[in-house]
Undergrad: 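Here you go, one structure.
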Amino acid sequence: MKIGVAGAGIGGLAAASLLAQDGHAVTVFDQFGAPRPVGSGLVMQPVGLEVLDRIGAGDALRRLGQPLHRMFGQEARTGRVVLDVAYGRGADRKGIGIHRAALFHLLYRAAEGAGARIAAAHRVTGRDGRNLLFETGRAGPFDLIVDACGAHSPLSPLRSRPLPYGAVWATVPWPADSALRVDRLSQRYRRADRMLGVLPVGAMPDQPTRRLAAIFYSLPVAGFGAWRATQFEAWQREAVTLWPDFAPFLAGVMGHGDFTFASYSQGQMAHPWDSGLAHIGDAAHRASPQLGQGANMALLDARALQLALRRARGDEALRLYAGARRWHVLAYQMLSAAFTPQYQSDSRALPVLRDHVLAPLSRIWPASRVLTRLVCGDLVPPMPALMVPR
Ligand SMILES: Cc1cc2nc3c(=O)[nH]c(=O)nc-3n(C[C@H](O)[C@H](O)[C@H](O)COP(=O)(O)OP(=O)(O)OC[C@H]3O[C@@H](n4cnc5c(N)ncnc54)[C@H](O)[C@@H]3O)c2cc1C
């Protein structure tokens with residue numbers, strides 16, 4: 001098939017690799033002027049790693065990234081442990097903290113290696129049947145268009161619900177004198193209205209021995225302007241008072257400008273396809289990064305689309321793709337909606353419930369096992385209909 005992929009992000013490049021591997025003629029269009037990664041760190045979960053292995057980028061990701069065995073969080077003032085999820089025992093039952101730039105580099109190289117053509121400086125504005133439209137010109141016709149344009153896709157009809165809390169992110173060197181363990185995501189909370197986090201993200205491809213951390217501070221979207229107006233040193237003092245171990249991570253940070261603000265939204269398309277068009281990744285479903293699944297979901301969508309196109313043609317394949325992913329996406333949407341306000345909201349009651357009831361319960365079997373599977377990404381099968389042999 002002749003396939004046009006809109007968006008060279010995580011889902012788009014993964015889909016391009018997998019579909020080009022199967023012999024389709026794939027062209028990926030992105031708005032960027034030159035290949036360029038954006039953002040800070042993320043966690044690749046076991047389900048996402050499995051897809052990266054199929055793409056041929058798994059081993060390189062394991063070398064560059066930082067293995068994570070635990071997600072750990074404490075209430076800042078009481079020291080009470082309110083998040084403690086272990087990944088489990090299997091060799092690949094771990095997360096890999098990775099910088100977005102490193103993941104982008106690996107996926108870009110894999111897509112090109114598989115034979116996909118990547119066209120930069122093509123900002124998609126819409127589609128006309130089987131053609132993609134750009135600010136100047138068009139391309140097509142394609143047998144299939146894959147919409148991987150992310151949360152602001154011009155091709156997706158999904159209108160998601162903006163979430164009240166976002167976060168500022170920065171990437172810093174991992175300090176030699178850090179008291180934090182490098183094999184876990186560490187967080188500190190003040191009620192649910194403030195959260196500081198340190199995510200080890202391994203190294204960049206061009207500097208493989210320099211280990212990095214993504215640091216983040218969660219705050220209400222409406223409070224971002226006030227945060228920027230606060231004297232930076234005053235915020236640093238507040239952060240270090242909440243979490244003294246955060247201090248070495250702020251040593252090289254000069255000001256607000258070193259941080260990037262990210263806002264989040266939540267929502268899912270009931271039918272992430274139209275005739276000749278498949279939506280994948282954030283173009284089809286969005287959630288807060290609280291469960292660390294968004295990039296993994298985009299990879300799973302790409303893999304499901306590949307398997308569906310092996311089994312069927314045309315709209316039948318798209319129906320198969322959407323049906324196979326439906327319950328996994330729905331389950332994670334619901335769980336994300338349930339978990340996020342415990343860590344990012346103005347609620348006074350939810351953090352009390354979290355600290356005194358839910359957190360103690362979560363460390364007892366079988367809840368501990370359920371949380372492990374939830375974080376790994378396979379609490380429910382990611383694409384059951386496509387796993388059954390024909
Ligand atoms: C702060 C933050 C932390 C996160 N942490 C995690 C985590 O730990 N684990 C996890 O799994 N997920 C995490 N996520 C979610 C994850 O980043 C997304 O779910 C994932 O990137 C979605 O992939 P995608 O391919 O759908 O979109 P993207 O990766 O956003 O890619 C979209 C691509 O489309 C291009 N594009 C957009 N519009 C156009 C256009 N009009 N024309 C042409 N090209 C266009 C963009 O340039 C981009 O290259 C996090 C998200 C945020 C914001």
Side-chain angles (χ1 to χ4, degrees), residues 4-16 28-49 51-52 65 68 71 95-101 103-104 107-108 111 118-127 132-135 139 145-156 158 160 163 165-171 185 197 199-201 214-218 259-266 272 278-302 329 332 336 344 375-377:
V5 179
I10 295 167
L13 290 173
V28 191
F29 302 93
D30 201 289
Q31 61 191 354
F32 50 49
R36 141 185 100 77
V38 283
S40 185
L42 49 80
V43 184
M44 202 36 58
Q45 310 293 4
V47 287
L49 260 176
V51 179
L52 288 174
L68 302 175
M71 304 216 162
I96 305 276
I98 187 85
H99 195 280
R100 252 164 217 278
L103 178 59
F104 175 84
L107 286 171
Y108 192 93
I118 300 172
H122 280 75
R123 183 174 161 69
V124 175
T125 53
R127 74 167 177 142
L132 275 171
L133 304 178
F134 309 106
E135 275 167 335
I145 292 173
V146 179
D147 169 21
C149 277
H152 305 288
S153 169
L155 298 174
S156 170
L158 174 57
S160 48
L163 295 174
Y165 272 69
V168 289
W169 289 72
T171 306
L185 164 71
L199 170 65
V201 292
I215 58 173
F216 51 94
Y217 174 66
S218 140
F259 286 87
T260 306
F261 183 66
S263 59
Y264 314 129
S265 61
Q266 165 117 24
H279 304 278
I280 67 170
D282 281 9
H285 42 73
R286 293 155 213 166
S288 95
Q290 203 61 50
L291 299 178
Q293 301 294 326
N296 296 274
M297 289 273 172
L299 292 171
L300 289 169
D301 289 351
V329 171
Y332 275 87
S336 182
Q344 288 190 300
V375 167
C376 287

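Atoms within a ligand are numbered from 1 in the order they appear, just like the ligands themselves.
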Undergrad: Which is closest to atom 16 (C) of ligand 1 by heavy-atom distance: A295, G166, A120?
TA: A295

Undergrad: Got a sec, which residues hit side chain to side chain contact (heavy atoms under 4.5 Å, CB included) with A287, two or more places apart in sequence or on another chain?
TA: Q266, Q333, S336

Undergrad: Do the ring planes of F32 and F104 sit parallel (below 30°), tilted (30 to 60°) or perpendicular (above 60°)?
TA: perpendicular

Undergrad: What are the two closest non-hydrogen atoms of L291 and Q45, and how far apart are they?
TA: O-NE2, 4.0 Å

Undergrad: Please confirm whether G7 comes within less than 3.5 Å of ligand 1 when only nitrogen or oxygen atoms on both sides are compared.
TA: no

Undergrad: For R123, counting its heavy atoms only, list the atoms of ligand 1 lying under 4.0 Å from any of them.
TA: 41 (N), 42 (N)

Undergrad: With nothing but distance in play, are any N or O atoms of A298 less than 3.5 Å from an N or O of ligand 1?
TA: no

Undergrad: Does an N or O anywhere in A262 fall below 3.5 Å from an N or O of ligand 1?
TA: no

Undergrad: Contact between H152 and ligand 1, counting heavy atoms under 4.0 Å?
TA: no

Undergrad: Out of V43, I10, V124, D147, who gets a non-hydrogen atom closest to atom 8 (O) of ligand 1?
TA: V43

Undergrad: Could you check L42 against I10 for side-chain contact (heavy atoms from CB on, under 4.5 Å), going step by step and ending with a plain yes or no?
TA: CA-CA 11 Å; L42 49 80; I10 295 167; 3.9 Å; yes

Undergrad: For ligand 1, which atoms have a heavy atom of G292 less than 4.0 angstrom away?
TA: 7 (C), 8 (O), 9 (N), 10 (C), 11 (O)

Undergrad: Applying a heavy-atom cut-off of 4.0 Å, say which part of W169 lies close to ligand 1: side chain, backbone, both or neither.
TA: side chain

Undergrad: What are the two closest heavy atoms between G9 and D30, and how far apart are they?
TA: N-OD2, 4.2 Å

Undergrad: I'd like the name of whichever of D301, V201, L299, L42 reaches closest to atom 13 (C) of ligand 1 through any heavy atom.
TA: L42

Undergrad: Between M297, Q31, Q293, which one has a non-hydrogen atom sitting closest to atom 40 (C) of ligand 1?
TA: Q31

Undergrad: Give me the atom names and distance for the closest heavy-atom approach of C149 to G7.
TA: SG-N, 4.1 Å

Undergrad: For ligand 1, which atoms have a heavy atom of G281 less than 4.0 angstrom away?
TA: 26 (O)

Undergrad: Mind checking whether H122 and F134 have parallel, tilted or perpendicular rings, split at 30° and 60°?
TA: perpendicular

Undergrad: Quick one about T171 and H99 (side-chain donor to acceptor, distance below 3.5 Å, no hydrogens or angles considered), yes or no?
TA: yes

Undergrad: For ligand 1, is A167 a contact, meaning one of its heavy atoms is under 4.0 Å away?
TA: no

Undergrad: Under 4.0 Å, heavy-atom basis, I'd like to know which part of C149 is in contact with ligand 1: side chain, backbone, both or neither.
TA: both

Undergrad: When you compare ligand 1 with D282, is there at least one nitrogen or oxygen pair between them that comes in under 3.5 angstrom?
TA: yes

Undergrad: Within the structure, is a non-hydrogen atom of A148 found at a distance of less than 4.0 Å from ligand 1?
TA: yes

Undergrad: Is there a polar contact between ligand 1 and F32, counting only N or O atoms under 3.5 Å apart?
TA: no

Undergrad: Take every heavy atom of H122, measure it against each atom of ligand 1, and state whether any distance is under 4.0 Å.
TA: yes

Undergrad: Have a look at ligand 1 and work out which part of R100, if any, has a heavy atom under 4.0 Å from it: side chain, backbone, both or neither.
TA: side chain

Undergrad: Check whether any side-chain heavy atom of P272 lies under 4.5 Å from a side-chain heavy atom of I280, and answer yes or no.
TA: no

Undergrad: Is there a side-chain contact (heavy atoms from CB on, under 4.5 Å) between L158 and R286 once you walk through the steps?
TA: CA-CA 9 Å; L158 174 57; R286 293 155 213 166; 3.8 Å; yes

Undergrad: Check G11 against A148 and note the closest heavy-atom contact, atom names and distance.
TA: C-CB, 4.2 Å

Undergrad: Give the numbers and elements of all ligand 1 atoms closer than 4.0 Å to a heavy atom of P154.
TA: 41 (N)

Undergrad: May I ask you to list the atoms of ligand 1 that are less than 4.0 angstrom from any heavy atom of G9?
TA: 25 (O), 29 (O), 31 (O), 33 (C), 49 (O)

Undergrad: If I take atom CG from residue L107 and atom CG from residue L52, how far apart are they, to the nearest 0.5 angstrom?
TA: 6.0 Å

Undergrad: Please say whether P289 places an N or O atom under 3.5 Å from an N or O atom belonging to ligand 1.
TA: no

Undergrad: Measuring from the heavy atoms of R286, does anything fall under 4.0 Å of ligand 1?
TA: no

Undergrad: With sequence neighbours left out, what residues match A167 under side chain to side chain contact (heavy atoms under 4.5 Å, CB included)?
TA: W169, S218, Y264

Undergrad: Between Q290 (side chain only) and S288 (backbone N and O only), is there a donor and an acceptor less than 3.5 Å apart?
TA: no

Undergrad: So, for V124 and A6, which heavy atoms are closest and what is the spacing to 0.1 Å?
TA: CG2-CB, 3.9 Å

Undergrad: Is the closest N or O pair between Y264 and ligand 1 shorter than 3.5 Å?
TA: no

Undergrad: At less than 4.0 angstrom from any non-hydrogen atom of A8, what atoms of ligand 1 do you find?
TA: 49 (O)

